[in-house]
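Working notes, structure below.
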Amino acid sequence: MDIRILAKLVAARVGQDPVDLDEVLEALGVEISWLEKIKLVQSLEGIEAVYHAISGKIILKRANVARA
């Protein structure tokens, strides 16, 4: 699957509340490697990603953009 398309699908499922990337991918029925997950996170626009070292999970949430 094209990473750009997957990034749009993932971004559509991310809101203000933090969500686990693996849970989103599982809900979409997609399995990808760790390297592909990194590429996916880099392709997400308007989404913040944090790696939680204790659980080994990538946590996503919509970025707060200040408006002038």
Side-chain angles (χ1 to χ4, degrees):
M1 177 175 267
D2 187 0
I3 292 293
R4 295 170 294 177
I5 294 169
L6 186 56
K8 290 184 180 200
L9 290 171
V10 169
R13 293 187 175 242
V14 176
Q16 293 299 324
D17 295 330
V19 63
D20 176 21
L21 175 59
D22 289 329
E23 289 178 8
V24 173
L25 292 173
E26 184 178 324
L28 292 170
V30 176
E31 290 184 31
I32 58 175
S33 70
W34 181 252
L35 184 59
E36 290 174 315
K37 288 178 186 176
I38 299 301
K39 290 178 184 176
L40 173 63
V41 167
Q42 291 173 339
S43 300
L44 293 172
E45 293 184 25
I47 305 292
E48 295 177 347
V50 176
Y51 177 70
H52 190 261
I54 294 172
S55 65
K57 296 180 185 255
I58 299 174
I59 308 298
L60 306 173
K61 80 173 200 174
R62 197 144 310 271
N64 291 332
V65 179
R67 297 182 190 234

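Scope of the values below: all heavy atoms of this structure, side chains included, with no hydrogens, waters or symmetry mates.
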Apply side-chain contact (heavy atoms from CB on, under 4.5 Å) to Glu48 and list each qualifying residue two or more places apart in sequence or on a separate chain. Lys61, Ala63

Nearest heavy-atom contact between Leu44 and Ile47 is CB-CB, 3.8 Å

Is the count of non-hydrogen atoms from other residues, nucleotides or ligands lying under 6.0 Å from Glu45 atom CD greater than 12? no

Of all residues at least two apart in sequence or in a different chain, which pass the salt bridge (charged side-chain N to carboxylate O under 4.0 Å, His left out) check with Lys57? Asp20

With hydrophobic residues grouped by side-chain heavy-atom distances under 4.5 Å, do Val24 and Leu35 end up in a single group? no

In this structure, CD1 of Ile58 is separated from CG of Leu40 (nearest 0.5 Å) by 8.5 Å

Only pairs under 3.5 Å count here: list side-chain donor-acceptor contacts from residues 25-33, not counting sequence neighbours, and write none if there are none.
| residue | atom | partner | partner atom | Å |
| --- | --- | --- | --- | --- |
| Ser33 | OG | Glu36 | N | 3.2 |
| Ser33 | OG | Glu36 | OE1 | 3.4 |

Ile59, Leu9: one ILVMFWY side-chain cluster at the under-4.5 Å cut-off? no

Show the nearest heavy-atom pair for residues Ile3 and Ser43, with the distance to one decimal. CG2-OG, 3.6 Å

Could you work out, with side-chain contact (heavy atoms from CB on, under 4.5 Å) as the rule, every residue matching Ile54, not counting sequence neighbours? His52

How many angstroms lie between atom CZ of Arg13 and atom CG of Leu21, to the nearest 0.5 angstrom? 12.5 Å

Could you give the distance from NZ (Lys39) to CG (Leu6), rounded to the nearest 0.5 Å? 13.0 Å

Taking salt bridge (charged side-chain N to carboxylate O under 4.0 Å, His left out) as the test, write out the residues that go with Asp17, two or more places apart. none

Residues two or more places apart in sequence or in another chain: which of them pass side-chain hydrogen bond (donor to acceptor under 3.5 Å, both in side chains) with Lys37? Asp22

Hphob cluster co-occupancy, Leu60 + Trp34, side-chain heavy atoms under 4.5 angstrom: yes

